[in-house]
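Take a look at the structure below.
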Amino acid sequence: MDEEYVEAVLRLVEQVPPGRATTYGAIGDLVGSGPRLVGRVMSQFGDAVCWWRVVRADGSTPDFLAERAGARWQAEGTPVRARPGRSCAVDLVRCLHVPQVTD
DNA sequence: TACTTGACATTTT
DNA sequence: AAAAATGCCAAGT
């Protein structure tokens, strides 16, 4: 495993301020790898960072974390838009935040 | 070594 | 609008 890559991802996630969120695709693009890699890293080290600030391209999280993520968003004041019949998703139009690659 | 799976995204049916 | 197909990279079986 490339620890450098992992650290880079975790760093970007840590750079996301409360009340905001970023997407796997954005991080993947910033680190120069596909979004799946970011997801994989999160599955292993996600608990080490604010994973709820990392959402899918549609602004939502996997169903596993939908509840917990929703609670976090509400606690942090992240703008979430209710999805009819589904879990809530953060309003990326409002809170999408792309961390800097200033390494 | 080959196939399947995964905290994803984008394009075409 | 919703579902399927394709691309992507790495790990597990």
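Source: prediction; values computed, not measured. Chain identifiers are assigned alphabetically (A, B, ...) following the order of the sequence lines, protein sequences preceding nucleic acid strands; residue numbering begins at 1 within each chain.
As rounded to whole Å, 9 Å separates atom P of dA10(C) from atom OH of Tyr5(A). Following rounding to the nearest Å, Asp29(A) (CG) and dC9(C) (P) show an atom-to-atom distance of 13 Å. Between Leu92(A) atom CG and dA9(B) atom C1' the separation is 13 Å, expressed in whole Å. With rounding to whole Å, Gln44(A) atom CD is found 9 Å from dA10(C) atom C1'. Atom CZ of Phe45(A) and atom P of dG6(B) are 19 Å apart (whole Å).
Across residues 54-68 of chain A, Arg56(A), Ala57(A), Pro62(A), Phe64(A), Leu65(A) each have a non-hydrogen atom less than 4.0 Å from an atom of DNA chain B (numbered order). Proximity of residues 71-81 of chain A to DNA chain B (heavy atom under 4.0 angstrom from any strand atom) is not detected for any residue.
Atom CD of Glu7(A) is separated from atom CD of Glu14(A) by 9.5 Å, given to the nearest 0.5 angstrom. Note that CZ of Arg40(A) and OH of Tyr5(A) are 8.5 Å apart. Values are rounded to the nearest 0.5 Å.
Under 4.0 Å is where a charged nitrogen must lie from a carboxylate oxygen, and between Glu76(A) and Arg53(A) at least one such pair does.
Of all the heavy atoms in Ser60(A) and Asp58(A), the pair that sits closest is OG-OD2, 2.7 Å. Of all the heavy atoms in Ala8(A) and Val31(A), the pair that sits closest is CB-CG1, 4.3 Å. Residue Leu30(A) comes nearest to Pro99(A) through the heavy atom pair CD1-O, 3.5 Å, listed as atom of the first residue, atom of the second, then distance. The minimum heavy-atom distance between Val90(A) and Ala21(A), with the atom names listed, is CG2-CB, 4.0 Å.
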What verdict does the side chain to side chain contact (heavy atoms under 4.5 Å, CB included) test give for Trp51(A) and Arg68(A), after you've listed the backbone C-alpha separation in whole Å, the side-chain angles of each residue and the deciding distance to 0.1 Å?
CA-CA 10 Å; Trp51(A) 51 265; Arg68(A) 300 200 296 193; 3.7 Å; yes

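Using a 4.5 Å heavy-atom cutoff, the side chains of Gln15(A) and Thr22(A) are not in contact. At least one side-chain heavy atom of Val55(A) sits under 4.5 Å from a side-chain heavy atom of Trp73(A). The shortest distance between side-chain heavy atoms of Thr23(A) and Val54(A) does not fall below 4.5 Å.
Residue-to-nucleotide contacts include no donor-acceptor pair under 3.5 Å from the side chain of Tyr24(A) to the base of dA9(B).
Sorted by first then second residue, the side-chain hydrogen bond (donor to acceptor under 3.5 Å, both in side chains) pairs that include residues 82-94 of chain A, not counting sequence neighbours, number zero.
One P atom belongs to dA5(C), the other to dT4(B), and the distance between them is 15 Å to the nearest Å. Comparing the P positions of dA7(B) and dG7(C) gives an interatomic distance of 22 Å, to the nearest angstrom.
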Could I get a table of every N or O pair under 3.5 Å where one atom is in the protein and the other is in nucleotides 5-8 of chain C?
residue	atom	partner	partner atom	Å
dG7(C)	O6	Arg36(A)	NH1	3.4

State the dot-bracket string of DNA chain C. Criteria: Watson-Crick or G-U wobble, both atom distances under 3.5 angstrom; notation: ( ) intrastrand, [ ] crossing earlier pairs, | interstrand, . unpaired.
.||||||.|||||

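Looking at residues two or more places apart in sequence or on another chain, you find no side chain to side chain donor-acceptor pair (under 3.5 Å) involving Asp29(A).
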